[in-house]
Amino acid sequence: MRALVYSDKLHLQTDFATPIAQPHQALIKISKAGICNTDLELTHGYMGFQGVLGHEFVGVVVQGDQHLLNKRVVGEINVAEGDCDMCRRGIPSQCRYRTTVGIFQHQGAFADYLALTTDNLFVVPDNVSDTEAVFVEPLAAACQILEAVHISPRDKVVVVGAGKLGLLCAQVLRLTGADVCVVVRREKPLKMLKKWGLRAVSRADLQDNQADIVVDCTGTAEGFADGLTLVKPRGTIVLKSTYTDIPSANLTKVVIDEVRVIGSRCGPFDAALRLLEAKLVDVNSMVDAHYPFNEAMQAFDKAFLPGALKVIIDF
Ligand SMILES: [Zn+2]
């Protein structure tokens, strides 16, 4: 089968062995997959991953449980072993022995086929398109903020970083009724936020120490520093992106102002599917380009361009 493989460099392979589904797995024929910033970081050596990249996907089950056969599915990317203390506490996403699709010790979705644990699969509702379904994984990650922080409709929430994840977070957070604004630097997200009726601001528009909650989607030291100056005493900063290096930060402010700093990663797929099914979130506007799989290398070049939004690979 065809597969986009990272081993010291990214390359398209046409003779990659097709995975064989184990008894607890389904074999999925991939229809579409999205390029995430994590994929870009992986090609710079993040996690030391070598193998088939890709973790935002939709496909059709061609082999596996009868109730899933021929169904369109998306897949939760953390594969838990099921028996460690975290699994037993009902937190499989933090399984101590987990593998992660296309990120850690598990083949990814930039390939014609993917074998994945049946328990990880969710059937896509008919009124959710393949393109929309590609966004389920990052949209679920945006929903995870609500799992970690209680957001009141009285809260002022600032999203820092108007990239792909930031735009999804802003759309999810506005559903709480809170006063949400997004710190924007580029023209493209600015237009999109206006279209959605969401408030876009520049950093200079915002006063320090006023936000109840800051969501940092930048993954940069600068973004975290902005979050620290924007958050009010006893406020919360939610970190949604991994950091490429270890940011230095004014932790004294965290102490004196009793700021809570919360990390947040993968989230509930069923919730993300409900939001898409009910058309409560617009992901279609966030697609920058579609590329056929044979042009996956060009798709990566496009995704690397500054300010690029979602690049989708069509199989
Ligand atoms: Zn476990």
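The structure displayed is predicted, hence computed values, not measured ones. Counting starts at 1 for both ligands and their atoms, in listed order.
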remark   = Excluding water, the protein N, O or S atoms sitting under 2.8 Å from the Zn ion (ligand 1) are E81 OE2, C84 SG, C87 SG, C95 SG
request  = Answer with yes or no whether the side chains of N209 and Q207 bring together a donor and an acceptor at under 3.5 Å.
outcome  = no
Identified side-chain hydrogen bond (donor to acceptor under 3.5 Å, both in side chains) partner of D288 from the options K302, K188, K164 = K188
key: Partner of K310 under salt bridge (Lys or Arg N to Asp or Glu O under 4.0 Å), chosen from E56, E137, E132   = E56
note = Minimal heavy-atom distance between C87 and P92, with the atoms involved, is SG-CA, 4.2 Å
inquiry  = For N37 and Y46, which I'm curious about, is there any donor-acceptor pair between the side chains at under 3.5 Å?
reply    = no
ask   = Are any side-chain N or O atoms of R174 and backbone N or O atoms of W196, one a donor and one an acceptor, separated by less than 3.5 Å?
value = yes
